[in-house]
Participant: 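Pasting a structure here, questions to come.
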Amino acid sequence: MEITIVGAGVAGLATALSLHAAGFDRVTVFEAEPDLRPHGLGLNILPNAVRELAELGLLDELQQHAVRTRELAMYNTRGDLVWREDRGTQAGYRWPQLSISRARLVTVLADAVRRRLGDRAIVADARLVGLHSEPGRTYGTFMDRDGTTRTVDTGLLIGADGIHSAVRATFYPAEGPPPANGMTMYRGTAWGRHFLTGSTMAVLGDDRRRLVLYPVDRDNATNKSLINWVAAFPDDEADPLPHDRTDAADRRAAVLRQFGSWAPPGVDLPRLLDDTADVQRYPMIDRDPIPRWSFNDVTLVGDAAHAMYPAGSNGATQAIVDARVLSWHLATHADLGSALRAYEDERRPQMTELQHANRSLGPEKVITLAHQRAPHGFTDVREVFSETELAEISRSYARTGRFDQDWVNSRPSLGVARQPGKSAGTSTAAADLAGRNDESRAVKETGFITAVIRAIEHDRPDAYLVDRYAKLLSTPVSRKMTEAALAAGGTVGSVIVRARFGDIALQAAADAGITQVVCLAAGSDTRAWRLDLPSRTRFFEVDLPGQLEAKERMLEPVRDRLLCRRTSLGADLRHDTWPQQLRATGYEPDEPTVWIIEGLLPYLEIEDFTRLIGTVRKMSTRGSVLLVDAPHTDYYTDPANETFLAFMTSRGSAFQLGFDDLGDFLRHQGWTAEAYTLRQLYAGECSWLPAPPERLCPPRDHHWVARAQLD
């Protein structure tokens, strides 16, 4: 299907990248401007959208010239603190909040579009001047600056052309210009010294005026930040400057007359304004909500669909989420019409509510309330508000925009796996997703089979492994699957022995001072609960989306027994984006780490495993430890295992990877490694591990366990 996007801003470029990630390759973005020269000042991207950018593999590149926002602080005009709250990872999100220049964001998105979809995927100097849509076919006519036109025949046209959308105007011709609310905004950026935490978004105001300041880049060599500032005040208080006047000095003076007596903490406002070379001025406008976004094979995203006042950091944020939700529905529905209906049903009611919330300035209304209740300031904000009242205003707004912490951290991924060699299209992408879901479901089921095996071992009077939480993960379905696996010739020894091996090795590393643990393909692993790890330990668990959430629900009765700081991440380890996602949740590559890769390798091909180990190596510093297990190649040639291997293949989770010498493989990957087969452990060849009983080391269970270190 040919897909045409009108507008190469944040919404349009994010949509192109999301479509490509979902399997659509015939995507072209048309931009009215003759040159794609990104403009604009600062943006705040909330964690719900940063999650999408991370899953698109862009987070590392974006963070090179961005600031991870740590807090939002609101003040009255005297600089008295009304309300502050943590933001991003500081607030418990798995992804940061980013403050970034719009030009930087658009540049990164555009470069990625060209890399992934080709240099011709973005067409500049192409303004939409005509649009005709009928069921099954849509035609868009574009004109360049010389008056030359071209008509594009497309299967789907997406209007991402902003608040003055030509696509929207086609279906709402009587709507007219965007309504203004009587406020004038002045904006600019300038380098200045860090203020407050150096990563704070500060908002000051009374019942009529607002001043917003936050850093969008920093230069640690000079200890300075590129500070984005926005000043807004009523038109009737603004100086009568023509809107086309470009005299920055006059505009700076207008802002100073309104805000010169204000006291933003840590900011020399007159100096900041004086250092601002370009001061932009424009009215505060939005769009009224509309009853439909989609018409035949045309739909809207971003400001074209739901332009809102710049309060609460939701403009670019929601455009990025639109892009991902639309692409997901296009890839997972059988036909275009049902996909567009599902997209609109999910997004339009949410955005309508958010547009209305922003007309009362979203969370910033606490500043208005503070002024109304204490116009001359206060000594203690508790004299004006209860803390619960302020917190509820913030929480309510977050729930309205669907960027509250619980939802962002736990909802399923909007990613759709691409499979090489298949042509893009709605039905193909849906089939690809169905195949991926079948495979993922089989792997997830296996994770809970191992929990049943650990629970059975725990109940033995001669138990080699203690795991009192495994029983909570043992369900009638997983017990039935375990019985079937054992009846087919499956063994329990490798599951139990590798778990005890890992427990002792992890505890030793923790005793030595390592406080960062990453468990890849964490499945039903309960180490974060069952081991007495220090409370300062950060325990990251990574597995397929949905797997860890299911485990968390089953372990809810013992949540209070979790002593370490656990963070879970839904990601597919076969994709290249999980390292960026992990770093975004707070993982520190410069700290020694214990990596646990348990029970995963049988399902991988050697290329996937080699890439995975190489990635772990790049993300590790000296002193890091790797705990890993894998079948011996003899496992696949032993006739005693033939029935079980056929059973695993039949249920969609085939074993395929084995090693003649796992330790030698790890040493070639840069690790200092010790590796043992189960029979060697039974013989007592590992000095620090209690020898397992013979019942757990039968001759046919050819299996490796290894501990490796990065020197």
Side-chain angles (χ1 to χ4, degrees), residues 4-18 29-33 36 38-46 48-49 52-53 100-103 105-106 109-110 127-128 131 157-172 175-181 183 185 187 230 232 280 282-295 298-327 343-344 346-359 361-362 400-403:
T4 298
I5 299 172
V6 182
V10 174
L13 296 170
T15 301
L17 291 170
S18 298
V29 184
F30 290 86
E31 168 56 39
E33 293 296 322
L36 191 60
H39 55 82
L41 301 170
L43 294 174
N44 249 268
I45 311 298
L46 298 178
N48 55 328
E52 305 310 328
L53 296 171
I100 189 170
S101 133
R102 181 187 181 277
L105 175 59
V106 169
L109 294 176
R127 182 180 302 277
L128 183 74
L131 174 59
L157 187 141
I158 300 170
D161 47 343
I163 194 168
H164 300 286
S165 170
V167 178
R168 175 170 169 149
T170 300
F171 301 103
Y172 294 94
E175 187 174 33
N181 70 348
M183 298 284 284
M185 293 195 299
R187 299 190 64 176
V230 185
Q280 298 183 9
Y282 44 86
M284 188 181 293
I285 56 177
D286 71 351
R287 282 288 189 188
D288 293 326
I290 50 177
R292 286 181 63 186
W293 291 357
S294 302
F295 301 83
V298 179
T299 196
L300 304 171
V301 295
D303 282 353
H306 49 71
M308 59 189 75
Y309 292 151
S313 306
N314 267 293
T317 290
Q318 297 299 342
I320 293 166
V321 177
D322 283 351
R324 293 281 282 171
V325 173
L326 173 60
S327 299
Y343 158 66
E344 187 170 334
E346 178 174 345
R347 293 295 292 163
R348 188 172 55 79
Q350 294 174 23
M351 294 303 98
T352 295
E353 188 176 359
L354 192 61
Q355 285 177 283
H356 288 308
N358 273 24
R359 284 185 169 177
L361 296 183
T400 298
R402 297 302 293 272
F403 55 86

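Reckoned from all heavy atoms, side chains included, excluding hydrogens, waters and symmetry mates.
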Participant: Ser18: which residues meet the side-chain contact (heavy atoms from CB on, under 4.5 Å) condition with it, sequence neighbours left out?
Facilitator: Leu56, Ala323, Arg324, Ser327

Participant: Hey, what do you get for CZ (Arg359) to CE (Met284), rounding to the nearest 0.5 Å?
Facilitator: 12.5 Å

Participant: Apply the test side chain to side chain contact (heavy atoms under 4.5 Å, CB included) to residues Phe295 and Val167: give CA-CA distance (whole Å), side-chain angles for both, the deciding distance (0.1 Å), then the verdict.
Facilitator: CA-CA 11 Å; Phe295 301 83; Val167 178; over 6 Å; no

Participant: To the nearest 0.5 Å, how far apart are CD in Gln355 and OH in Tyr309?
Facilitator: 10.5 Å

Participant: Please name all residues satisfying side-chain contact (heavy atoms from CB on, under 4.5 Å) with Ala49, sequence neighbours left out, ordered by chain then number.
Facilitator: Ile45, Thr317, Ile320, Val321

Participant: Rounded to the nearest 0.5 Å, what separates atom CE in Met308 from atom CG in Leu354?
Facilitator: 4.5 Å

Participant: Locate the shortest heavy-atom distance separating Ala110 from Leu13; write the atom from each residue and the value.
Facilitator: N-CD1, 3.8 Å

Participant: Checking Glu175 now: which residues fulfil side-chain contact (heavy atoms from CB on, under 4.5 Å) with it, not counting sequence neighbours?
Facilitator: Arg168, Tyr172, Arg287, Ile290

Participant: So, Ser165 side chain and Asp161 main chain: donor-acceptor pair closer than 3.5 Å or not?
Facilitator: no

Participant: What closest approach, in Å, do Met185 and Pro283 show between heavy atoms, and which atom pair accounts for it?
Facilitator: CE-O, 4.4 Å

Participant: What heavy-atom pair brings Glu344 and Ser294 nearest, and what distance separates the two atoms?
Facilitator: OE1-N, 3.0 Å

Participant: Could you check Thr4 against Phe30 for side chain to side chain contact (heavy atoms under 4.5 Å, CB included), going step by step and ending with a plain yes or no?
Facilitator: CA-CA 7 Å; Thr4 298; Phe30 290 86; 3.5 Å; yes

Participant: Any side-chain heavy-atom pair from Asp286 and Pro178 closer than 4.5 angstrom?
Facilitator: no

Participant: Taking all non-hydrogen atoms of both residues into account, name the closest pair between Val106 and Ala8 and its distance.
Facilitator: CG1-O, 4.1 Å

Participant: Let me confirm one number: the CH2-OG1 distance from Trp293 to Thr352, rounded to the nearest 0.5 Å.
Facilitator: 6.5 Å

Participant: Closest approach of Ala14 and Leu109, non-hydrogen atoms and distance?
Facilitator: N-CD1, 4.4 Å

Participant: In Å and rounded to the nearest 0.5 Å, what is the CD1 to OG1 distance from Ile158 to Thr15?
Facilitator: 5.5 Å

Participant: Hey, what do you get for NE2 (His306) to CZ (Arg348), rounding to the nearest 0.5 Å?
Facilitator: 11.5 Å

Participant: Using every non-hydrogen atom in the two residues, find where Ile5 and Ala160 come nearest and quote the distance to one decimal.
Facilitator: CG2-CB, 4.1 Å

Participant: Give me the one residue out of Leu326, Asp322, Leu300 that meets side chain to side chain contact (heavy atoms under 4.5 Å, CB included) with Arg347.
Facilitator: Asp322

Participant: Please examine the side chains of Ile163 and Ile285, heavy atoms only from C-beta on, and report whether any two atoms are closer than 4.5 Å.
Facilitator: yes

